[in-house]
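See structure below.
For ligands, and for the atoms within them, numbers begin at 1 and follow the listed sequence. Here the structure is a predicted model, which means the values were calculated and not measured.
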Amino acid sequence: MMNKLKRGAWLSIVLWLCACSSAPQGNSLYQALGEQAGITKITHQMIVNFAQDERIKARFKGVNMQKFKAGFALYVCAQVGGPCEYQGDSMQIIHAGYNYTNTEFNAVVDNLILAMEQCGIPVAVQNQLLAKLAPSYKDVVYL
Ligand code: HEM
């Protein structure tokens, strides 16, 4: 009887451990992106890539890119469940009135993907971040 109980208890612990290691944690995407330091590095690289992209580089002329970098990284951190609070304006307010196009949206996404590639982020993780950012499309592109 005692043995059965013990075995049952062990089994529960093993099942619990397995469940923990396989179930996605709330902040696993945040960790896979390298936490705040990794997200900042990706954002930095994305900005470097913007500067070489004829589709969008003119859009960032005169923009304070230090502020953009900090704000974008905080936004991503918050979107992926990291311990950050994005306190900037909404995506809608920031991007309204510029008539950003589908092509420009794709260019931003392309440069983000390239940056993640350059930072060694696995494709499956890249796709998880893109899925989190995709809903922002409706707040950026109105055309
Ligand atoms: C995945 C889509 C996008 C996301 C998630 C995004 C996110 C953001 C965020 C978080 C900021 C605020 C940064 C800060 O705190 O200063 C911002 C600013 C900005 N975004 Fe976007 N953005 C997206 C698409 C675009 C596109 C397609 C363009 C145009 C090519 C664009 C142009 C800008 C500009 C120019 C600013 C700076 C505004 C200013 O400070 O005057 N964004 N974006």
- Find out if a path of hydrophobic residues (ILVMFWY) with successive side-chain heavy-atom gaps under 4.5 Å connects L114 to F50. no
- D89: side-chain contact (heavy atoms from CB on, under 4.5 Å) partners, not counting sequence neighbours: I93, I94
- Message: Can you work out which protein residues put a heavy atom within less than 4.0 Å of ligand 1?
- Response: I56, R59, F60, V63, K67, F68, G71, F72, Y75, Y86, M91, I94, H95, Y100, E104, F105, V108, S136, V140
- Provide the full list of side chain to side chain donor-acceptor pair (under 3.5 Å) pairs with a residue in residues 117-133, sequence neighbours left out, each pair given once. Q45-Q118, N49-Q118, E117-Q126
Cut-off 3.5 Å, no hydrogens considered: what does the side-chain donor-acceptor table look like for residues 63-74, sequence neighbours left out?
unit_1: N64; atom_1: OD1; unit_2: Q66; atom_2: N; d: 3.1
unit_1: N64; atom_1: OD1; unit_2: K67; atom_2: N; d: 3.0
unit_1: K69; atom_1: NZ; unit_2: H44; atom_2: ND1; d: 3.0

- Determine, stepwise, if the pair Q36 / T40 fulfils side-chain contact (heavy atoms from CB on, under 4.5 Å). CA-CA 6 Å; Q36 193 52 25; T40 301; 3.8 Å; yes
- Query: Applying the 4.5 Å side-chain criterion to the ILVMFWY set and letting contacts propagate, would Y137 and I113 be lumped into a single cluster?
  - Reply: yes
